[in-house]
Chemist: 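This is the structure, below, for whatever I ask next.
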Amino acid sequence: MSPIVATSTVTCTVDGVEAELDGRPTDRLAHALRAAGHVAVKVSCEEGSCGACTVLLDDAAVAACLVPLARAADRSVRTAAGADRAPVPAALVDELACRGALQCGMCTPGIVASATAFLEALDHDGLAGVDEDGVRAALAGNLCRCTGYDGLVGAVVRAAHRVAGE
């Protein structure tokens with residue numbers, strides 16, 4: 001006889017809209033988001049190594065494959081699909097596209113989430129931390145097998161300058 005595993009509904013905000021995610025409290029947030037139709041969240045390594053599943057949980061970049069569903073209760077989750085709803089990620093997505101910085105798209109949502117967290121945390125008056133080293137550090141948890149990262153880094157730097165009004 002198999003054990004009885006209780007499922008529950010977790011209420012949170014996903015991309016600015018109240019959502020109910022179903023599953024066991026220990027299910028992975030990435031799987032619950034995808035099951036609820038948020039397919040911009042990619043699932044790849046399932047061990048927090050690749051960054052494809054990165055989302056913003058209360059504005060902090062996290063690997064959704066490592067976050068138990070229960071930790072999302074009453075919190076804000078932003079995926080790359082919500083990127084056009086705020087100035088920072090919208091500028092970022094535009095720069096990534098203009099520079100042809102992405103190719104296959106598997107890593108794209110995670111990179112957008114990580115770079116958004118980085119850009120939103122900056123002091124936009126002085127653009128402190130916006131150099132190649134700072135951007136590379138911010139994207140260190142995101143693996144991309146198609147690009148050499150130069151285009152990605154350049155797009156994030158340019159997006160920072162756009163957001164700062166330069």
Chemist: Could you measure the distance from the OG1 atom of Thr9 to the CG atom of Asp22? Nearest 0.5 Å is fine.
Modeler: 4.0 Å
Chemist: State the SG-CG distance between Cys144 and Leu102, to the nearest 0.5 angstrom.
Modeler: 7.0 Å
Chemist: Looking at every heavy atom in both Ala52 and Ser44, which two are closest together, and how far apart are they?
Modeler: CB-CB, 4.1 Å
Chemist: Would Arg34 and Val43 count as a side chain to side chain contact (heavy atoms under 4.5 Å, CB included) if you check the C-alpha gap in whole Å, the side-chain angles of each, and the deciding distance to 0.1 Å?
Modeler: CA-CA 9 Å; Arg34 287 188 61 81; Val43 177; 3.6 Å; yes
Chemist: Taking the side chain as every heavy atom from C-beta outward, state whether Pro25 and Ser8 have any pair of such atoms under 4.5 Å apart.
Modeler: yes
Chemist: Restricting to non-hydrogen atoms, name the atom on Val55 and the atom on Ala64 that form the minimum distance, rounded to 0.1 Å.
Modeler: CG2-CB, 4.0 Å
Chemist: So Val14 and His38, do their side chains get closer than 4.5 Å, heavy atoms only?
Modeler: yes
Chemist: Can you give me the closest heavy-atom contact between Ala72 and Cys12, atom names plus distance?
Modeler: O-CB, 3.2 Å
Chemist: Same cluster or not: are Leu92 and Tyr149 linked, directly or through other Ile, Leu, Val, Met, Phe, Trp or Tyr residues, by side-chain heavy atoms under 4.5 angstrom apart?
Modeler: yes
Chemist: Is any side-chain heavy atom of Glu47 closer than 4.5 Å to a side-chain heavy atom of Ser49?
Modeler: yes
Chemist: Is the shortest heavy-atom distance from the side chain of Arg145 to the side chain of Cys104 under 4.5 Å?
Modeler: no
Chemist: Check whether any side-chain heavy atom of Asn142 lies under 4.5 Å from a side-chain heavy atom of Cys107, and answer yes or no.
Modeler: no
Chemist: Hydrophobic clustering (ILVMFWY, side-chain heavy atoms < 4.5 Å, transitive) - are Val41 and Leu66 grouped together?
Modeler: no
Chemist: Run the side chain to side chain contact (heavy atoms under 4.5 Å, CB included) test on Thr13 and Arg75 for me, step by step, so that the C-alpha distance in whole Å, both residues' side-chain angles and the decisive distance to 0.1 Å come before the verdict.
Modeler: CA-CA 6 Å; Thr13 302; Arg75 295 178 78 183; over 6 Å; no
Chemist: Taking NZ, NE, NH1 and NH2 as the nitrogens, is one of them in Asp150 or Arg136 under 4.0 Å from a carboxylate oxygen of the other?
Modeler: yes
Chemist: What are the two closest non-hydrogen atoms of Cys65 and Ala30, and how far apart are they?
Modeler: N-CB, 3.9 Å
Chemist: Do we see a donor-acceptor contact under 3.5 Å between the side chains of Asp58 and Ser76?
Modeler: no
Chemist: Out of curiosity, Cys50 SG to Lys42 NZ, how far, rounded to the nearest 0.5 Å?
Modeler: 12.0 Å
Chemist: Hydrophobic cluster membership, with links at side-chain heavy-atom distances under 4.5 Å among I/L/V/M/F/W/Y: are Leu119 and Leu57 in one?
Modeler: no
Chemist: If you measure only the distance, is there a donor-acceptor pair under 3.5 Å linking the side chains of His161 and Glu95?
Modeler: no
Chemist: Could you tell me whether Arg78 and Asp15 have a side-chain N and a carboxylate O separated by less than 4.0 Å?
Modeler: no
Chemist: Taking all atoms of both residues into account, what is the closest heavy-atom pair of Gly134 and Phe118, and its distance?
Modeler: O-CE1, 3.7 Å
Chemist: Give the minimum heavy-atom separation between Ala63 and Gly48, together with the two atoms involved.
Modeler: CB-CA, 4.1 Å
Chemist: Using a 3.5 Å distance criterion without hydrogens, assess whether the side chain of Glu20 forms a donor-acceptor pair with backbone atoms of Thr11.
Modeler: no
Chemist: Treating Ile, Leu, Val, Met, Phe, Trp and Tyr as nodes and any side-chain heavy-atom pair under 4.5 angstrom as an edge, say whether Val88 and Val157 lie in one connected cluster.
Modeler: yes
Chemist: Determine, using the 4.5 Å side-chain heavy-atom cutoff (strictly less than), whether Leu21 and Leu56 are members of one ILVMFWY cluster.
Modeler: no
Chemist: Can you tell me how far CG of Asp94 sits from CZ of Arg158, rounded to the nearest 0.5 angstrom?
Modeler: 10.0 Å
Chemist: Salt bridge or not between Asp27 and Arg24? Use side-chain N to carboxylate O under 4.0 Å.
Modeler: yes
Chemist: Run through Asp131, Leu139, Asp133 and flag the one making a side chain to side chain contact (heavy atoms under 4.5 Å, CB included) with Val135.
Modeler: Leu139
Chemist: Could you grab the distance from atom OG1 of Thr147 to atom CD1 of Ile111, nearest 0.5 Å is fine?
Modeler: 6.5 Å
